[in-house]
Student: 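Okay, here's the structure, questions in a sec.
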Amino acid sequence: PPSCIMTKLSERESLVFTSKLCEQAERFEEMVEKMKTVAKMGEPLVTEERNLLSVAYKNVVGDGRNAWRIVSSIEEKQQANASPDNPHLKQIQEFRKKIEAELTAVCSDVLNLIDINLIPHCVTEEARVFFLKMKGDYCRYQCEYLKDLARKDSADIALKAYTEAFEIAKKSL
């Protein structure tokens, strides 16, 4: 029935509007939740919605990446200047691990959203390229703190996503 469509559009418009308010207020975690709801509605995102989703996640992950870099730098200085039984070093390492877990959660969240809800609903090659590049970016961000095989796996996924995006862009854009 038409009323169902109208309700769905109204909900979507409300979520997009609220997301814009969140952006202005720099409440990016809330912005992520609003745009994630839009992304899960099963319809392709228009350019504005893609950009809002990207801005939301980029700011949330950007804050985490900055925190990780700062704490990692402090940890390196402590390791260079401290005795092995330094209690502060253990605190710093635990805090860094907490930040890494938070980054992993956000990156996994956006990567799942891209693979499950966004790429399958793309109707344009431009949108597909956008989300493949975004996938590559978040895998690359994970490489900043992951180690060993997990880092290699994430780098391989990033390269594959970037390569696919580039090939699509070359052919159709």
Student: With side chain to side chain contact (heavy atoms under 4.5 Å, CB included) as the test, pick out the partner of F130 among T47, I114, N51.
Tutor: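 Checked T47, I114, N51 against F130; only one passes side chain to side chain contact (heavy atoms under 4.5 Å, CB included): N51.
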Student: Quick check: are there more than 12 heavy atoms from other residues, nucleotides or ligands sitting under 6.0 Å from CZ of R96?
Tutor: yes
Student: List in chain and number order the residues that pass side chain to side chain donor-acceptor pair (under 3.5 Å) with R140, two or more places apart in sequence or in another chain; answer none if no residue qualifies.
Tutor: D137, Y162
Student: Does the pair K34 and M31 meet the rule for a side-chain contact (heavy atoms from CB on, under 4.5 Å), with working shown?
Tutor: CA-CA 5 Å; K34 303 300 179 199; M31 188 178 177; 5.8 Å; no
Student: Check this for me, if you would: do D148 and K152 make a salt bridge, where the nitrogen-to-carboxylate-oxygen distance has to be below 4.0 angstrom?
Tutor: no
Student: Could you state whether L111 and Y145 fall into the same hydrophobic cluster, counting links through intermediate Ile, Leu, Val, Met, Phe, Trp or Tyr residues with side-chain heavy atoms under 4.5 angstrom apart?
Tutor: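 Same cluster.
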Student: Between the side chains of K97 and E100, is the shortest nitrogen-to-carboxylate-oxygen separation below 4.0 Å, so that they form an ion pair?
Tutor: no
Student: Who passes ring-ring contact (aromatic ring centres under 6.0 Å, His included) against Y141, sequence neighbours left out?
Tutor: Y138
Student: Whether R12 and E43 form a salt bridge (side-chain N of Lys/Arg under 4.0 Å from carboxylate O of Asp/Glu) is what I want to check.
Tutor: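 Looking at E43 and R12, the cut-off is met.
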Student: Taking E144 first and then R69, would you say they form a salt bridge - that is, a charged N and a carboxylate O separated by under 4.0 Å?
Tutor: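 Yes, this pair counts.
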Student: Evaluate side-chain contact (heavy atoms from CB on, under 4.5 Å) for I74 paired with F95, printing each intermediate quantity in order.
Tutor: CA-CA 11 Å; I74 293 168; F95 191 55; over 6 Å; no
Student: Checking F28 against K58 for the side-chain contact (heavy atoms from CB on, under 4.5 Å) test, could you report, in this order, the C-alpha distance in whole Å, the side-chain angles of both residues, the deciding distance, and whether it holds?
Tutor: CA-CA 9 Å; F28 298 107; K58 187 146 183 101; over 6 Å; no
Student: Any non-hydrogen side-chain atom of L53 less than 4.5 Å from a side-chain atom of M134?
Tutor: yes
Student: Can you list the residues that meet the side chain to side chain donor-acceptor pair (under 3.5 Å) rule with E126, with sequence neighbours excluded?
Tutor: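 By the side chain to side chain donor-acceptor pair (under 3.5 Å) rule, E126 matches no residue at all.
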Student: Under 3.5 Å, side-chain donor or acceptor atoms of residues 15-26 against the rest of the protein: list the pairs with distances, not counting sequence neighbours.
Tutor:
residue: T18; atom: OG1; partner: S14; partner atom: O; Å: 2.8
residue: K20; atom: NZ; partner: E48; partner atom: OE2; Å: 2.7

Student: Looking at every non-hydrogen atom in both residues, tell me the closest pair between A155 and C143 and how far apart they are.
Tutor: N-SG, 3.4 Å
Student: So E11 and M41, side-chain contact (heavy atoms from CB on, under 4.5 Å) or not? Walk me through it.
Tutor: CA-CA 10 Å; E11 179 186 1; M41 288 182 161; 3.6 Å; yes
Student: Membership question, hydrophobic clusters at under 4.5 Å side-chain separation (ILVMFWY): are V129 and V55 in the same one?
Tutor: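 Looking at the clustering, V129 is in the same group as V55.
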Student: Kindly write out the residues that satisfy side chain to side chain donor-acceptor pair (under 3.5 Å) with E102, not counting sequence neighbours, or none if the list is empty.
Tutor: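 Listed in chain order: nothing, the list is empty.
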Student: L113 versus L118: any side-chain heavy-atom pair under 4.5 Å?
Tutor: yes
Student: With the side chain counted from C-beta on, respond yes when Y57 and K36 share a heavy-atom pair under 4.5 Å apart, and no when they do not.
Tutor: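 Contact flag for Y57/K36 side chains = yes.
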Student: So, using side chain to side chain donor-acceptor pair (under 3.5 Å) as the criterion, who are the partners of D115 when residues are at least two apart?
Tutor: K135
